[in-house]
Structure formats: structure tokens, C-alpha cells
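Inspection log for the structure reproduced underneath, given as C-alpha cells.
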Amino acid sequence: MKNSLRHLLQHSLAIVASEAGLSTAALTFSIERTRNPAHGDFACNVAMQAARLWGRKPREIAASIIAQLPADTDLAKVEIAGPGFINFTLAADCLTRTVLRMQDAGARYGFAAPASRPSIIIEYVSANPNGPLHVGHGRGAAYGASLANLLEAGGHQVYREYYVNDAGRQMDILAVSVWLRYLELANEIVRFPDNGYKGDYVHGIARDLRLAVGAKLHHPAAAVSHDLPLDLGQGGDKEVHVDALIARAKALLGEANYRLLFESGLKHCLGDIKDDLAEFGVRYDNWFSERSLATSGAVQRGIDTLKAAGHMFEKDGAWWFRATDFGDEKDRVVVRENGATTYFASDIAYLQNKLERGFDRAIYVLGADHHGYIARLKAVARGLGLDPNRIEIPLVQFAILYEGGERVQMSTRAGSFVTLRDLRKEVGKDAARFFYVMRSHDQHLDFDLDLAKSRSVENPVYYLQYTHARICGLFRQAAEKHLGYDPALGRAAVANLVEPAAVALLQRLMNYPEDIDIAVENRAPHLLAAALREIASLFNSFYNGTQMLVEDERARAPRLALADGVRQLLAVGMELLGVAAPETM
RNA sequence: GCGCCGGUAGCUCAGCUGGAUAGAGCACCAGGCUUCGAACCUGGUGGUCGGGGGUUCGAGUCCCUCCCGGCGCGCCA
């Protein structure tokens with residue numbers, strides 16, 4: 001609708017401008033839905049914009065434009081208002097035909113044609129597999145999954161990927177944490193490192209490991225702790241201490257057994273994460289192994305690419321990426337003095353890999369604490385000779401947990417956190433998914449656990465589900481009362497939808513495709529959530545004030561057609577957000 | 001210190017490229033079920049859009065500055 005109005009206006013504008021010998025080249029204008037019905041359906045600011053450029057009065061320009069406007073069957077009225085707005089009122093049947101458009105489009109109402117927009121690889125969560133997901137990860141999961149669905153609806157081809165950090169020091173720390181718990185089972189008590197993973201799940205992994213391999217990994221406590229540098233709690237350095245412990249584990253266990261230990265931690269944690277996310281309705285097309293980047297030579301190739309392009313230099317025995325050439329704050333180490341590649345080296349390879357797989361865009365959904373990555377990754381893209389605009393990095397702000405009015409501190413390492421699994425058990429998948437994406441990802445989220453747990457009825461997700469169930473109930477009632485629904489008659493008689501509440505609902509429904517567009521372009525699933533709530537609310541107003549199951553078929557059929565359209569729209573919309581649409585509650 | 005994200009009703013938050021009288025939910029007040037699902041609906045109270053400048057026909061939105069809060073600035077991942 002906006003587009004066709006824009007066409008009409010541009011046609012008219014060209015005539016007005018040429019008659020006055022003026023140019024429209026620098027002229028931009030907006031067409032917006034009005035909020036006030038007295039202003040018609042759409043308003044355009046073109047006359048005011050032109051007034052600024054041309055130095056004439058806005059209302060005079062508006063009058064000239066209207067005079068040249070071609071006739072259009074969708075338009076009932078065009079008028080000047082306020083400082084020079086041009087207000088458009090649509091023809092009545094243009095509005096009611098929304099019901100027909102919804103029926104014709106079916107579940108895809110508001111969606112763009114598949115593959116009509118650039119293809120996207122989107123990565124979300126990608127938490128290190130060294131413990132269970134906590135509620136902070138939940139937000140990234142809910143946002144990422146909903147966004148991926150939304151992008152698909154918006155015509156993007158979407159590929160969902162999880163980057164598994166199955167290499168690196170954090171995983172080694174998990175391995176030794178498991179090992180020490182394993183030794184404890186045989187009464188070999190070694191002081192647990194301050195930097196180790198203290199969560200209960202580590203004991204569980206250790207027990208499983210003991211069952212699986214027996215005493216194969218056993219060593220006396222004295223041999224393990226012999227001559228280790230002091231830990232933080234002993235007045236030493238926790239990093240140095242834990243690194244020494246890792247080295248000790250490798251030395252005592254040997255390559256094969258250390259691998260066994262390492263894999264037990266990885267398998268367990270990754271398996272737990274996969275199950276957790278699946279139960280949360282968060283799915284992936286691929287789980288991408290970080291380690292595979294090293295073994296396949298991708299890491300080396302990334303480094304070579306940067307070297308060949310002259311963006312690497314050697315200093316203090318290490319190899320650096322000259323990120324400052326591309327707008328980053330500082331240069332970044334890629335290969336350490338000891339020859340090991342950094343995590344950043346994997347990032348380079350992974351980005352190169354993603355874009356070379358043929359995706360037009362790569363979206364990284366990251367936590368707000370990773371914002372330093374934006375400049376860094378864009379610098380890498382440019383260094384690799386790729387367009388940095390192909391990378392988008394929406395940051396998900398922190399979810400701050402409150403329980404009993406107190407802020408809950410979270411730390412994976414200290415083992416004190418609320419897991420995503422616990423949250424799902426308490427508030428349910430649907431409420432949790434909706435709660436997470438109700439707000440802008442850019443906004444800090446106060447997650448009141450008490451409210452979410454004990455008074456979950458107040459969660460707006462129930463409003464949507466209730467509305468959906470209510471419409472389903474309506475059709476059950478229709479069948480019982482033998483007041484059937486004739487879709488064809490509904491189409492034929494849509495002009496009978498004249499109640500103010502029906503008109504308000506139809507207007508909102510007519511606008512829905514635009515809502516989807518805006519949500520897609522802004523990577524903002526919360527806008528979809530808001531649109532669904534408004535539509536549900538408008539439907540409930542209509543429903544409450546108008547008897548649906550009336551004897552008169554020509555009144556009943558269009559009302560039911562409208563209700564059916566809303567039902568389907570809500571069901572599809574909720575599915576995009578990962579929320580179930582029950583038929584009864 | 002530098003950088004990123006915020007500051008909108010008592011609370012939690014919406015507010016697409018700058019548009020008309022700044023919205024919703026909760027809370028509070030007053031109403032609505034012999035009738036399709038009252039987990040609903042109708043109406044009302046409630047605002048220096050953090051402060052101050054600026055840009056212009058017009059600023060919650062853009063620019064500058066200050067204040068407050070969160071987060072980040074490793075040869076960690």
C-alpha cells in the first residue's frame with residue numbers, strides 16, 4: 001500500500017516540480033500510517049520536505065501535488081492537514097479485502113517470497129561446552145532462534161550454526177577439574193584450583209568416567225600436586241597454577257588418556273547443551289567444531305591469507321594482525337610466542353570459512369560483553385579482502401536475574417548460577433521464550449524469577465495463547481450450534497465488517513506485512529511480539545463487543561473469516577517466536 | 001581514561017529511515033458475565049521522554065556537552 005502511494009506521489013511530484021522548474025533529486029519523504037483516524041490512513045510529509053528545499057509554503061505545495069494526483073480506486077479521500085501533511089483515506093473495501101488477502105496468503109501472510117533477500121548464516125549461543133547453559137545464554141538462544149525464524153519469514157535463506165569451542169585452554173581446565181573430582185572418588189584429594197570448574201555437574205562427569213574407564217586415570221594425589229606453583233588462595237597466581245596442573249595431567253596421563261579425560265568433559269557438556277536447546281525449541285543446521293578449523297588447515301590458511309596481503313607482522317616473537325589498519329583499537333596477536341595460535345586465529349579462519357561457503361551475510365549474535373568483537377571481526381573481514389558490511393553483530397544485553405528482590409550473581413566457574421534448564425522447569429518453555437524476546441535485545445533485561453515462577457499467569461504469553469485458544473473454541477462452538485462457517489460466503493460478504501472494532505482490527509492486520517518487514521530489517525523479533533499482542537488485543541475488543549455466532553449467515557461468515565485469519569496469524573507468529581499455540585487451555 | 005549499550009508513567013518496557021495530542025502491560029480507581037472461553041472487555045488517574053545547549057516548519061528520535069547505570073578495553077576463551 002505504501003509503495004503504491006509512493007508511486008502516485010512521485011508521478012504527481014514530477015509534474016509539479018517540472019512546472020515550477022525545480023528538482024526533486026534531493027527530495028526524500030516518508031509515508032506513514034497515521035495513529036489518529038481523523039488523519040486518514042496514511043500521511044505523507046513530502047510537501048514539508050519540498051518546502052524546505054524549494055523555499056515555498058508547505059500547504060501550497062501540498063495543494064499542487066494533490067491536484068496532479070492520478071485517480072486510484074483504493075483511495076477514498078486525499079486532503080491537506082496540519083502544517084502540510086497530505087492525508088490519504090483508503091477506500092472502504094480496500095480495508096475489508098484484507099480478509100481475502102489473508103486467506104489467499106494462508107500461513108505466509110505478511111511473509112516475503114523465499115530467497116527474495118540475501119542469504120544469511122546466523123550463529124547464536126555458541127557457549128563454551130564446559131558447563132550447563134545458564135539464563136544468560138537463554139536470552140541469546142531465544143533471540144537468535146526467533147531472529148533466524150523471522151529472517152526466514154522475511155525472505156532470507158537462513159542457515160543456523162553453533163560454534164563449538166572444543167579446543168583451547170578453558171576445555172583443558174574443565175578436563176583437569178573432572179580429573180580431580182575423579183581422583184577424589186578414590187580418596188586421592190588434591191587441592192581444587194581456584195580457577196577450576198566447581199559445579200556439581202563436574203562430579204557427575206567424574207562418576208561416569210570412573211564407571212566407563214575404571215581406575216585407568218588414577219594417580220596418587222602427591223604425584224599430582226607435587227611441586228605445583230602456588231594458587232591464588234595460597235598467595236600465588238591462579239592462571240600459572242592451573243596451567244601447571246594441566247601440564248601435570250598431560251605428563252602423568254599421557255596423550256591417549258588425557259584425550260579420554262578431555263573428551264569425557266566435552267561430550268558430556270556438549271550433549272547437555274544440545275538437549276537443553278532442543279527442549280527450548282532452539283535448533284541448528286550445523287554444530288561447527290572449532291578444532292576442525294585447526295585440523296583442516298583452515299587456521300593456517302587464514303593466517304597465510306593475511307600474511308600474503310601484508311596485514312601481519314612479527315614482534316616479540318609473536319605474529320600480529322595489524323587490525324589498527326582497519327579501524328580496530330589495537331593490533332591483535334594471532335600466533336603466540338610459544339607457537340600456539342590464539343582463539344582469535346580461529347575466529348579469522350571461521351569468518352573466512354563462513355563467507356566462503358557462499359552466504360551473503362554472516363550474523364553473529366553475541367553477548368554485550370563481546371562488543372569489542374565488532375571492530376575486530378570487521379577488521380578481519382577487510383584484512384581478508386571481504387566486505388565488512390556482510391557481517392552483522394547484534395549484541396544481546398545482559399539479563400539481570402532477581403530473586404527475592406536480590407540480584408543473583410552468576411558464575412559458571414564458581415558453580416553458582418541458575419541454569420536455563422531450571423528456568424524452563426519453573427516457568428515453562430513458552431513463557432521463557434516469550435519473556436526473553438518481548439524486549440529489545442539492545443535493552444537490559446530485568447528477569448524477576450519470582451514473578452516468572454510464581455505469577456506466570458501475568459506473563460503476556462498467556463494472553464496470546466488464550467486468544468488463540470478462544471478463537472479455536474469459537475469454531476468448536478460454531479460446529480456444536482450448527483452455525484457453520486462458509487469461507488466463500490465470508491469472502492463475498494466482507495463488506496459487512498463495519499463495526500468500529502472490526503475496522504480497527506482490519507487496519508492493524510492490513511499493516512502486518514509492514515510490521516514483519518520492519519522487524520526483519522531491524523533484526524528485532526520483539527517488534528513481532530508487540531504486533532501479535534496488539535492484534536490479539538484488537539481481536540478481543542472486537543470479539544467482546546460483537547456477537548460472532550449469529551443466525552444471519554451474511555453477518556456470521558465474514559466475522560468468522562476474520563477470526564480465522566487472526567487465529568492463523570497468531571499461530572504462525574507464535575511459532576516464529578518459539579511459543580506453542582494451544583487449541584485449548 | 002577510551003569504547004559499546006541504556007536512562008520514556010509508581011514498576012517493567014514499546015515507540016521503522018525526524019512528523020500531528022508520547023503508547024502498552026502491571027499497579028491503582030470505577031464499571032461489564034441468563035448469551036460464542038471474564039486468563040477477557042470498557043472507562044479513568046498517572047509524564048520536566050536523565051539535565052543543558054544546538055540543527056529546523058517540526059526532536060523521545062539527529063549533533064554537542066554533562067550526570068547516572070551496565071558492560072568491555074589480555075600472547076584468556
Side-chain angles (χ1 to χ4, degrees), chain A residues 28 30 32-36 38-39 43-45 47-49 51-52 57-58 81-85 87 128 130 165 167-171 173 195 239 290 315-320 329-330 332-338 340-344 346-347 367-375 395-398 400 438-446 448 451 455 457-460 462-463 465-467 469-478 480-481 483 501 514-515 517-519 521-522 524 526-527 529-530 533-534 537 540-550 556 559-560 563 584-585:
Chain A
T28 60
S30 69
E32 307 207 344
R33 231 171 204 288
T34 60
R35 274 176 283 183
N36 184 340
H39 297 145
C44 182
N45 66 350
M48 279 113 84
Q49 296 292 341
R52 180 175 352 198
K57 290 183 181 168
F85 286 102
N87 290 344
N128 288 350
N130 49 25
N165 299 118
R169 187 164 160 272
Q170 292 305 318
M171 294 308 297
I173 294 175
N195 216 13
E239 307 288 353
E290 177 192 357
K315 193 183 86 179
D316 303 332
W319 278 93
W320 300 65
E329 320 176 322
K330 52 185 74 171
R332 309 288 175 179
V333 173
V334 179
V335 185
R336 274 181 253 173
E337 193 180 2
N338 65 9
T341 56
T342 62
Y343 188 83
F344 182 55
S346 300
D347 286 342
D369 54 334
H370 286 72
H371 73 247
Y373 266 47
I374 298 179
L395 296 177
V396 178
Q397 294 294 320
F398 273 33
I400 302 165
M438 262 174 58
R439 281 137 200 191
S440 167
H441 62 93
D442 243 6
Q443 187 78 234
H444 296 247
L445 176 66
D446 286 338
D448 186 332
L451 181 72
R455 304 172 64 192
V457 168
E458 289 178 2
N459 194 309
Y462 293 101
Y463 185 76
Q465 293 184 319
Y466 174 74
T467 304
R470 187 185 227 184
I471 298 174
C472 292
L474 180 64
F475 281 92
R476 286 192 295 269
Q477 280 286 330
E480 281 174 27
K481 293 184 174 179
L483 293 170
E514 241 171 78
D515 294 334
D517 266 0
I518 292 170
E521 281 163 17
N522 290 290
H526 77 278
L527 295 178
R533 289 171 70 180
E534 282 173 32
S537 173
N540 284 323
S541 293
F542 171 56
Y543 173 90
N544 221 272
T546 309
Q547 184 73 14
M548 311 291 281
L549 300 179
V550 292
R556 186 175 77 237
R559 286 174 196 170
L560 288 177
T584 59
M585 289 180 73

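Labels below follow one simple rule: chain letters A, B, ... track the order of the sequence lines, proteins then strands, and each chain is numbered from 1.
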Review point. When the C1' atoms of rA39(B) and rC76(B) are considered, how many whole Å apart are they?
Key: 49 Å
Exercise for review: Give a yes/no verdict on base stacking between rA20(B) and Phe85(A): centres under 5.5 Å, planes within less than 30° of parallel.
Suggested key: yes
Study note, to complete from the structure: Rounded to the nearest 0.5 angstrom, the CZ-OH distance for Arg470(A) and Tyr463(A) is 8.0 Å
Review point. Which part of the nucleic acid does Thr546(A) contact within heavy-atom distance under 4.0 Å: base, sugar-phosphate only, or nothing?
Key: base
Exercise for review: Using the test side chain to side chain contact (heavy atoms under 4.5 Å, CB included), find all partners of Ser440(A) that sit at least two apart in sequence or belong to another chain.
Suggested key: Asp442(A), Gln443(A), His526(A)
Review point. Taking for each residue the nucleotide of RNA chain B bearing the nearest heavy atom, is the 5' side occupied by Asn544(A) or by Gln477(A)?
Key: Gln477(A)
Practice item. Assign His526(A) to base, sugar-phosphate, or nothing according to its heavy-atom contacts below 4.0 angstrom with the strands shown. Key: sugar-phosphate
Check your understanding: Using atom P of each nucleotide, how far apart are rC16(B) and rC11(B) to the nearest Å?
Key -> 23 Å
Review point. Counting side-chain heavy atoms from C-beta on, which of rC71(B), rC41(B), rA14(B) comes nearest to Phe398(A)?
Key: rC71(B)
Check your understanding: What residues, two or more places apart in sequence or in another chain, satisfy side chain to side chain contact (heavy atoms under 4.5 Å, CB included) together with Gln477(A)?
Key -> Glu480(A), Lys481(A), Leu549(A)
Review point. Under 4.0 angstrom, heavy atoms only, what part of the nucleic acid is Gln547(A) near: base, sugar-phosphate, or nothing?
Key: base
Practice item. Starting from the 5' end of RNA chain B, give me the residue, Phe542(A) or Asn522(A), whose nearest nucleotide shows up first. Key: Asn522(A)
Point to revise | Separation between the P atoms of rC40(B) and rU45(B), rounded to whole Å | key: 22 Å
Exercise for review: Assign Ala519(A) to base, sugar-phosphate, or nothing according to its heavy-atom contacts below 4.0 angstrom with the strands shown.
Suggested key: nothing
Review point. Taking only side-chain nitrogens and oxygens of Lys481(A), does any of them come within less than 4.0 Å of OP1 or OP2 of rU35(B)?
Key: no
Exercise for review: Treat primed atoms plus P, OP1 and OP2 as sugar-phosphate and everything else as base, then score nucleotides 4-11 of chain B 5' to 3': B for base contact with protein heavy atoms under 4.0 Å, S for sugar-phosphate contact only, - for none.
Suggested key: BBS-----
Point to revise | Heavy-atom closest pair, residues Arg476(A) and Ala469(A) | key: NH2-O, 4.0 Å
Check your understanding: For Asp517(A), which residues count as a salt bridge (Lys or Arg N to Asp or Glu O under 4.0 Å) partner, sequence neighbours excluded?
Key -> Arg117(A)
Point to revise | Distance, nearest 0.5 Å, that separates CD of Gln397(A) from CG of Leu445(A) | key: 10.5 Å
Point to revise | Phosphate contact (rA77(B) OP1 or OP2) by Arg336(A) side-chain N/O below 4.0 Å | key: yes
Review point. Out of rC75(B), rC71(B), rG15(B), which has the shortest distance to the side chain of Asp369(A)?
Key: rC71(B)
Check your understanding: Among all residues two or more places apart in sequence or in another chain, which pass the side chain to side chain contact (heavy atoms under 4.5 Å, CB included) test with Met171(A)?
Key -> Pro129(A), Asn130(A), Leu174(A), Phe262(A), Leu266(A)
Exercise for review: If rG25(B) has a Watson-Crick or G-U wobble mate with both distances under 3.5 Å, name it; if not, just say none.
Suggested key: rC11(B)
Practice item. Name the nucleic acid region contacted by Ala529(A), choosing base, sugar-phosphate or nothing; use a 4.0 angstrom heavy-atom cut-off, strictly under. Key: nothing
Practice item. Using a heavy-atom cut-off of under 4.0 Å over every strand shown, decide if Phe344(A) touches base, sugar-phosphate, or nothing. Key: nothing
Study note, to complete from the structure: Separation of rC13(B) atom C1' from His441(A) atom NE2, nearest Å, is 15 Å
Exercise for review: Please state whether the base of rA38(B) and the side chain of Tyr543(A) form at least one donor-acceptor pair under 3.5 Å?
Suggested key: no
Check your understanding: Of all the choices, rC75(B), rC40(B), rC76(B), which nucleotide is nearest to the side chain of Asn540(A) once you look at every atom?
Key -> rC40(B)
Practice item. Answer yes or no: does a side-chain N or O of Tyr466(A) lie under 4.0 Å from OP1 or OP2 of rC41(B)? Key: no
Check your understanding: For Asp316(A), which contact category applies under a 4.0 Å heavy-atom criterion: base, sugar-phosphate, or nothing?
Key -> base
Point to revise | Asn128(A) CG to Arg169(A) CZ distance, which is reported to the nearest 0.5 Å | key: 12.5 Å
Point to revise | Distance between C1' atoms of rG37(B) and rC49(B) (Å, rounded) | key: 39 Å
Check your understanding: Of the nucleotides rC41(B), rC40(B), rC16(B), which one has an atom closest to the side chain of Arg470(A)?
Key -> rC40(B)
Revision key, fill the gap. From the candidates rG74(B), rG3(B), rA14(B), the one with an atom nearest any side-chain atom of Ser440(A) is rA14(B)
Check your understanding: Looking across every strand, which nucleic acid part, if any, lies under 4.0 Å from Arg476(A) by heavy atom: base, sugar-phosphate, or nothing?
Key -> base
**Study point:** Gap in Å between the two C1' atoms, one belonging to rU8(B) and one to rG69(B), rounded
**Key:** 16 Å
**Study point:** Atom pair distance, as rounded to whole Å: CZ in Arg533(A) and P in rA39(B)
**Key:** 18 Å
Point to revise | Between rU48(B) and rA59(B) - C1' atom distance, rounded Å | key: 16 Å
Review point. Just checking Met585(A): base, sugar-phosphate only, or nothing, at a heavy-atom cut-off of under 4.0 Å?
Key: base
Review point. How many Å lie between CD1 on Ile471(A) and P on rC36(B), as a whole number?
Key: 16 Å
Practice item. Pick the C1' atom in rC13(B) and in rC5(B), then give their distance to the nearest Å. Key: 16 Å
Point to revise | With Ser346(A) via side chain to side chain donor-acceptor pair (under 3.5 Å) - residues at least two apart | key: Glu290(A)
Check your understanding: Do Asn540(A) and Tyr466(A) have side-chain atoms, one donor and one acceptor, less than 3.5 Å apart?
Key -> no
Check your understanding: Taking the C1' atom of each, how far is rC68(B) from rU55(B), in whole Å?
Key -> 26 Å
Review point. Within the pair Ser537(A) and rA24(B), is there a side-chain N or O less than 4.0 Å away from OP1 or OP2?
Key: no
**Study point:** Sugar-phosphate only, base, or nothing, as touched by Leu483(A) at under 4.0 Å among non-hydrogen atoms
**Key:** nothing
